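Inspection log for the structure reproduced underneath, given as structure tokens.
Small disclaimer: the values here were computed from a predicted structure and weren't measured.
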Amino acid sequence: MRNIRIGDYLVEQGLISQEQLENVLAAQREAQGSKRFGEVIVELGYMSEVKFAQALAGKLKVAYVDLANIEIDGEAVRKVPEALAQKHTIIAINTQGRRLTVATDDPINFNILEDIKVSTGMDTVPVLATRSAIKKMIGKHYSMQNVDSVLEGVSQFGDMEDDDDGSKDRVESAPIVKLATTIVENSFRADATDIHIEPFKTYTRIRIRVNGDMVELMNVANQVHNSLTTRLKLISGMNIAEKRIPQDGRFTQVVDGTTLDVRVSSLPTVNGEKIVIRILSTGQIALRKITDLGMSDYNYNMFESMIKCPHGVILVTGPTGSGKTTTLYAALGELAKPNVNVITVEDPVEKQIDGINQVQVNSKAGMTFSAALRSILRQDPDIVMIGEMRDSETAEIGIRAAITGHLVLSTLHTNDAASTIVRLIDMGIPSYMVASSLIGVIAQRLVKVLCPKCKRPRMSTPDEDKLMKVTQPVQIHEACGCPECNNTGYKGRTAIHEIIHCTAGVSTLIASGAGKEEIEECAKQHGTKLLRDNVSQLVQQGVTSIDELVRVTYAV
């Protein structure tokens with residue numbers, strides 16, 4: 001049993017089939033030994049990284065640890081030099097007397113354990129963790145030690161800088177380069193989506209957006225601000241001499257093995273340039289499947305039946321940052337089969353997907369949404385994805401494409417599903433065209449998920465019952481805050497949806513030019529569950545809090 005190969009062990013345990021094992025071995029042979037068995041099986045999607053690590057731990061009789069949910073001892077981390085931790089992808093997690101427990105994804109590699117023993121002078125006990133979790137923890141724990149030294153270097157650099165010419169040589173000096181890199185790294189590790197670098201009279205504040213809320217990351221002296229903005233403008237390809245008008249740029253940076261696509265926007269304010277950085281992880285992070293969008297079973301079945309339609313328009317709506325693009329990409333991932341031609345027009349292309357032709361809008365060169373769409377329809381597409389229906393021209397071409405037998409996916413900024421239909425008619429598209437081409441509308445929002453470690457149960461009050469549309473008090477949970485969730489009470493987000501499937505009754509109403517309320521009423525009779533129904537269900541299940549219900553659906 002001890003010497004059985006891991007692949008045969010997985011088949012024996014019923015975790016993969018014999019055919020899948022053959023595919024993995026063939027792919028491994030193709031890679032000519034450059035990839036390990038575990039990497040290939042995860043890449044092919046037969047097992048998740050966590051599942052494989054747990055199975056490997058079971059076979060090797062080694063403990064498996066989930067690094068995200070255990071307390072890592074800072075003292076233990078400091079015993080292993082960062083270079084060694086990076087070289088072997090390991091992180092020390094605790095010490096007991098002369099024994100050092102180390103998380104690794106290769107617990108039977110004695111060279112690694114020997115290296116650590118020589119470096120620390122302690123006996124090493126290996127435990128198994130996933131490679132990506134270890135990389136994230138190395139970044140997180142060693143970078144906190146680095147930040148202080150970087151800020152120290154920067155403050156000395158600030159003292160040296162008397163004249164503010166932001167010259168290239170000065171900006172390239174190490175402390176500022178390090179600071180810019182560290183800000184992006186730490187923000188990515190904190191799961192931030194945006195970084196705001198805001199200049200004020202006496203200091204510069206750096207904040208990040210985590211789970212939709214702004215959190216302060218650090219403050220730096222305002223002498224540093226000009227050099228930091230020049231550095232960021234330099235690497236993102238902006239004009240560093242122009243400080244009077246807004247500019248946009250982008251760059252890529254590798255953090256913990258993940259390539260980030262970073263968008264940068266500068267805006268002149270009274271105290272200097274404000275920089276906002278948008279972090280997008282590129283195609284290396286797997287596309288979400290439609291089963292991972294957090295839809296209720298009922299909404300999921302509705303969504304699935306919609307994307308089976310061969311032609312028509314499917315719209316995803318909601319405010320900025322409500323996960324519309326993620327939903328569209330998930331639908332595209334489901335639809336992009338080898339026998340169909342899928343083309344997208346986006347501004348910007350956020351994730352690059354294999355097997356899909358993606359077109360980037362470039363207004364300066366005259367490549368607008370409408371211009372791109374016109375030429376795309378001559379490219380014999382089956383499915384067209386339009387990043388956003390911004391104007392009546394784009395909307396009209398999209399609707400006409402649907403009527404001529406294409407499946408069109410797009411987004412719009414509206415508050416709910418019914419008002420989307422009214423908006424299309426307001427944009428000047430005849431109601432009969434909307435009625436005949438629209439398959440359905442998905443309105444969505446993101447709500448914060450309560451931290452499972454510290455949420456506290458209680459019974460609902462009469463006012464809350466009214467909000468949730470229930471007749472008697474039910475058990476709900478509220479946010480508390482613990483180290484696990486950075487004392488916010490929430491960990492991660494999930495989506496809530498409202499789906500109107502344009503069945504015969506709804507289409508007739510649209511064609512007759514009905515208003516929002518009538519369409520909504522008819523859709524409810526045909527089984528549409530509103531955003532508030534969806535979120536109140538999550539509140540009752542203890543997934544989110546009543547505060548989120550009010551924040552997301554107030555006055556909707």
Side-chain angles (χ1 to χ4, degrees), residues 1-3 6 9 35-39 42 47-152 178 181-182 185-186 188-191 254-258 452-453 482-487 491:
M1 184 65 189
R2 292 296 294 170
N3 296 328
I6 179 68
Y9 174 78
K35 287 181 180 171
R36 302 207 306 223
F37 183 87
E39 288 173 59
V42 171
M47 289 179 87
S48 70
E49 196 181 9
V50 172
K51 278 263 162 24
F52 177 75
Q54 288 168 337
L56 185 62
K59 178 187 180 298
L60 299 175
K61 306 277 189 289
V62 176
Y64 168 77
V65 292
D66 177 3
L67 292 180
N69 293 324
I70 61 161
E71 195 69 43
I72 293 182
D73 178 7
E75 283 298 313
V77 173
R78 280 190 282 279
K79 288 195 185 309
V80 179
E82 184 178 2
L84 190 63
Q86 295 275 16
K87 178 184 168 191
H88 293 310
T89 317
I90 52 113
I91 188 155
I93 50 180
N94 66 29
T95 52
Q96 278 179 320
R98 304 289 311 140
R99 297 174 66 182
L100 182 70
T101 306
V102 173
T104 170
D105 68 332
D106 191 3
I108 50 174
N109 187 333
F110 296 111
N111 295 339
I112 294 178
L113 305 181
E114 203 53 43
D115 267 9
I116 300 165
K117 192 172 178 180
V118 169
S119 169
T120 60
M122 298 175 80
D123 291 328
T124 313
V125 181
V127 292
L128 193 88
T130 62
R131 193 176 187 85
S132 59
I134 296 170
K135 281 186 168 174
K136 197 169 182 180
M137 289 302 154
I138 290 174
K140 186 174 170 185
H141 286 275
Y142 288 104
S143 75
M144 290 330 284
Q145 298 171 22
N146 293 344
V147 168
D148 304 332
S149 61
V150 167
L151 285 177
E152 226 166 79
K178 261 195 195 149
T181 312
T182 307
E185 282 178 351
N186 286 6
F188 173 67
R189 287 171 193 144
D191 294 325
V254 179
V255 179
D256 304 339
T258 304
K453 284 273 166 67
C482 64
E484 191 66 40
C485 56
N486 290 335
N487 293 315
K491 201 169 184 197

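Here the closest heavy-atom approach between residue A76 and residue I93 is recorded as CB-C, 3.9 Å. The nearest pair of heavy atoms linking I72 to A92 is CG2-O, 3.8 Å. Residue T124 comes nearest to P126 through the heavy atom pair O-CD, 3.8 Å, listed as atom of the first residue, atom of the second, then distance. M137 approaches L67 most closely through the heavy-atom pair CE-O, 3.7 Å. Across all their heavy atoms, V127 and T101 have their closest contact at CG1-CG2, 3.9 Å. Smallest separation of non-hydrogen atoms from I138 and A85: CD1-O, 3.5 Å.
Panel note: side chain R99, backbone N94; no donor-acceptor pair is recorded below 3.5 Å. The closest donor-acceptor contact from the side chain of E49 to the backbone of V42 lies at 3.5 Å or more, if one exists at all.
Residue I108 places its CD1 atom among 12 or fewer non-hydrogen atoms of other residues, nucleotides or ligands, all under 6.0 Å distant.
Remark: Q54 CD to M47 CE distance equals 8.5 Å, nearest 0.5 Å. Atom CD of E82 sits about 9.5 Å away from atom CD1 of I91, to the nearest 0.5 Å.
The pair R131-D106 fails the salt-bridge criterion, with no side-chain N (NZ, NE, NH1 or NH2) lying under 4.0 Å from an Asp/Glu carboxylate O.
Inter-residue side-chain proximity for M122 and K79 is flagged as met; some heavy-atom pair is nearer than 4.5 Å. In this structure the side chain of N111 never reaches within 4.5 angstrom of the side chain of L113, judged on heavy atoms. Between T130 and Y64, the closest side-chain pair of non-hydrogen atoms falls below 4.5 Å. In this structure the side chain of Y9 never reaches within 4.5 angstrom of the side chain of L56, judged on heavy atoms. Counting heavy atoms from C-beta outward, T104 and H88 have side chains that stay 4.5 Å or more apart. Side-chain contact between I116 and S119 is absent, with no heavy atoms from C-beta onward closer than 4.5 Å. Looking at V125 and Q96, their side chains never come closer than 4.5 Å, going by heavy atoms from C-beta outward. Put simply, the side chain of I90 reaches to within 4.5 Å of the side chain of V80, judged on heavy atoms.
Checked against salt bridge (Lys or Arg N to Asp or Glu O under 4.0 Å), K35 has the following partners two or more places apart in sequence or in another chain: E43. Applying the salt bridge (Lys or Arg N to Asp or Glu O under 4.0 Å) test to K491 and every residue at least two apart in sequence or in another chain returns E484.
Within the structure, the salt bridge (Lys or Arg N to Asp or Glu O under 4.0 Å) test picks out the following pairs touching residues 64-76 (sequence neighbours left out): E75-R78.
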> Could you go step by step and tell me if D191 and K136 meet the salt bridge (Lys or Arg N to Asp or Glu O under 4.0 Å) rule?
Replying inline: CA-CA 11 Å; D191 294 325; K136 197 169 182 180; 3.5 Å; yes

